[in-house]
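Quick caveat, the model's predicted, so the values are computed rather than measured.
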Amino acid sequence: MIPAKADIEAAYARVKPYVHRTPVLTSSLINKHINAEVFFKCENFQKMGAFKMRGAVNAILQLSEEERKAGVVTHSSGNFAQAVALAARTLGVQAYIVMPSNAPGVKKEAVKGYGGIITESLPSLEDRERAAEEIKRETGATFLHPSNQMEVILGNATATLELLESHPDLDTVITPVGGGGLLAGTALAVHYFGNRCTTIAGEPFAADDAYRSFHAGQIETNTTAITIADGLRTQLGSVNFPIIKELVTDILRVEEAEIVDSMRYLWERLKIVIEPSSAVPFAALLRHKEQFRNKKIGILLSGGNVSLSQLPF
């Protein structure tokens with residue numbers, strides 16, 4: 001079931017006091033190179049450095065007082081862990097975060113800094129889910145899913161709502177796709193607030209389960225997901241996939257070298273820090289630039305949480 005326009009408007013009213021209205025950047029050099037007008041929605045400047053703050057805040061704000069007292073729990077190796085920890089601290093709620101043992105130390109420190117209580121698990125999804133379920137059982141905490149929960153998806157939609165408020169004449173919005181929460185939220189915002197605008201996703205060839213799911217009409221999985229775009233190694237879910245099937249126009253795949261080149265290009269031209277996942281939609285635009293000639297394109301730069309000691313260039 002597709003949520004109503006009012007659901008996105010209500011989500012925006014809830015999250016607006018707690019998130020940044022992030023800037024939209026342009027570059028005349030990039031426009032000339034693409035032969036199009038490109039508008040970059042900079043969620044790398046969002047609180048905790050990624051769009052995921054929006055979904056986490058929206059989900060926690062809809063809990064009852066009793067649920068808030070018991071806290072929230074999630075499992076994540078990166079951005080959603082930080083988003084839940086910061087959103088929970090902001091709203092006076094305890095956050096329990098299951099993080100895999102191989103999660104980057106810098107991300108664990110960030111979660112601790114936001115007041116999250118970390119439980120380490122083995123890296124597999126099954127182990128992470130089992131640990132989260134155990135915490136839920138012991139504490140009564142409410143589980144928050146990083147991408148496959150409607151409250152999170154509607155919160156994510158507010159980034160594109162802001163983009164379209166500023167630039168209502170966009171022809172296309174391109175976003176990365178991993179778990180599908182940002183793509184579904186983007187597609188909803190484009191559907192209700194765009195003007196003959198389409199939604200397209202970029203995805204690595206090395207983790208192309210969303211592309212295969214989109215064309216098969218059912219959720220496909222990856223046996224491996226060895227991509228530099230670490231935020232896109234997850235898969236679609238039962239809540240976001242129906243939205244994606246109905247409202248997304250296409251998913252375009254890119255090579256690993258194209259992701260790295262695009263990441264470096266945006267660092268150099270826009271003078272901003274973005275993570276590899278954020279470079280994927282721009283890589284898709286570059287790879288298929290003839291398709292977008294003379295169009296107005298919105299790009300969701302999803303986050304900027306990257307280890308500066310491990311840059312790929």
Please check this pair: side chain of [X] against backbone of [Y], looking for a donor-acceptor N/O pair closer than 3.5 Å.
X: K47; Y: Y18; result: yes
X: S278; Y: S302; result: yes
X: N58; Y: G55; result: no
X: D169; Y: N195; result: no
X: Q149; Y: H145; result: yes
X: N35; Y: N294; result: no
X: Q235; Y: N222; result: no
X: E220; Y: R212; result: no
X: R233; Y: T227; result: yes
X: N240; Y: L183; result: no

If you take all heavy atoms of [X] and [Y], which pair is closest and at what distance?
X: M53; Y: T90; result: CE-OG1, 4.4 Å
X: L164; Y: A189; result: CD1-O, 3.7 Å
X: F80; Y: L144; result: CE2-O, 3.8 Å
X: R128; Y: S76; result: NH2-CA, 3.6 Å
X: A4; Y: Y192; result: CA-OH, 3.5 Å
X: V93; Y: R68; result: CG1-O, 3.6 Å

I'd like to check [X] versus [Y] (side-chain heavy atoms, cut-off strictly below 4.5 Å). Are they in contact?
X: T234; Y: P146; answer: no
X: V260; Y: M263; answer: no
X: Y12; Y: E165; answer: yes
X: L300; Y: L163; answer: yes
X: K296; Y: H167; answer: no
X: T22; Y: K41; answer: yes
X: I30; Y: F40; answer: yes
X: M150; Y: P3; answer: yes

So does [X] have more than 12 non-hydrogen atoms from other groups sitting under 6.0 Å from [atom1]?
X: R137; atom1: CZ; result: yes
X: F39; atom1: CZ; result: yes
X: I226; atom1: CD1; result: no
X: K107; atom1: NZ; result: yes

**Prompt:** Which one of T26, L285, I174 satisfies the side-chain contact (heavy atoms from CB on, under 4.5 Å) criterion with V38?
**Reply:**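 Single side-chain contact (heavy atoms from CB on, under 4.5 Å) partner of V38 among T26, L285, I174: L285.
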Using the rule that Ile, Leu, Val, Met, Phe, Trp and Tyr join whenever any side-chain heavy atoms are under 4.5 Å apart, tell me whether [X] and [Y] fall into a single cluster.
X: L301; Y: L182; result: no
X: V57; Y: L86; result: yes
X: L154; Y: V239; result: yes
X: I243; Y: L161; result: yes
X: L266; Y: L25; result: yes

How far does [atom1] of [X] sit from [atom2] of [Y], to the nearest 0.5 angstrom?
X: I297; Y: I34; atom1: CD1; atom2: CD1; result: 9.0 Å
X: T158; Y: L188; atom1: OG1; atom2: CG; result: 12.0 Å
X: I244; Y: I153; atom1: CD1; atom2: CD1; result: 7.5 Å
X: N148; Y: F241; atom1: CG; atom2: CZ; result: 11.5 Å
X: L270; Y: Y265; atom1: CG; atom2: OH; result: 9.0 Å
X: T198; Y: L247; atom1: OG1; atom2: CG; result: 11.5 Å

**Message:** Could you walk me through whether F51 and T186 satisfy the side-chain contact (heavy atoms from CB on, under 4.5 Å) test, starting with their C-alpha distance in whole Å, then the side-chain angles of each, then the deciding distance to 0.1 Å, before giving a yes or no?
**Reply:** CA-CA 11 Å; F51 75 93; T186 299; over 6 Å; no
**Message:** My understanding is that only residues two or more places apart in sequence, or in another chain, count here; which of them pass ring-ring contact (aromatic ring centres under 6.0 Å, His included) with H288?
**Reply:**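 Partners of H288 under the ring-ring contact (aromatic ring centres under 6.0 Å, His included) test: none.
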**Request:** Take D209 and T221 through the side-chain contact (heavy atoms from CB on, under 4.5 Å) test and state the conclusion after the steps.
**Result:** CA-CA 5 Å; D209 56 297; T221 60; 5.6 Å; no
**Message:** Tell me whether K69 is salt-bridged to E66, with the criterion being a basic N under 4.0 Å from an acidic carboxylate O.
**Reply:**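 Answer for the salt bridge query: no.
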**Message:** Whether R130 and D127 form a salt bridge (side-chain N of Lys/Arg under 4.0 Å from carboxylate O of Asp/Glu) is what I want to check.
**Reply:**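 Yes, this pair counts.
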**Chi angles and distances behind the side-chain contact (heavy atoms from CB on, under 4.5 Å) call for V177, F214** = CA-CA 11 Å; V177 59; F214 183 74; over 6 Å; no
**Message:** As a quick check of understanding, evaluate side-chain contact (heavy atoms from CB on, under 4.5 Å) for F45 and H20, giving each step before the final call.
**Reply:** CA-CA 8 Å; F45 293 148; H20 294 316; over 6 Å; no
**Request:** Could you name each residue pair satisfying salt bridge (charged side-chain N to carboxylate O under 4.0 Å, His left out) that touches residues 51-65, not counting sequence neighbours?
**Result:**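 Pairs touching residues 51-65 that pass the test: E43-R54, R54-E162.
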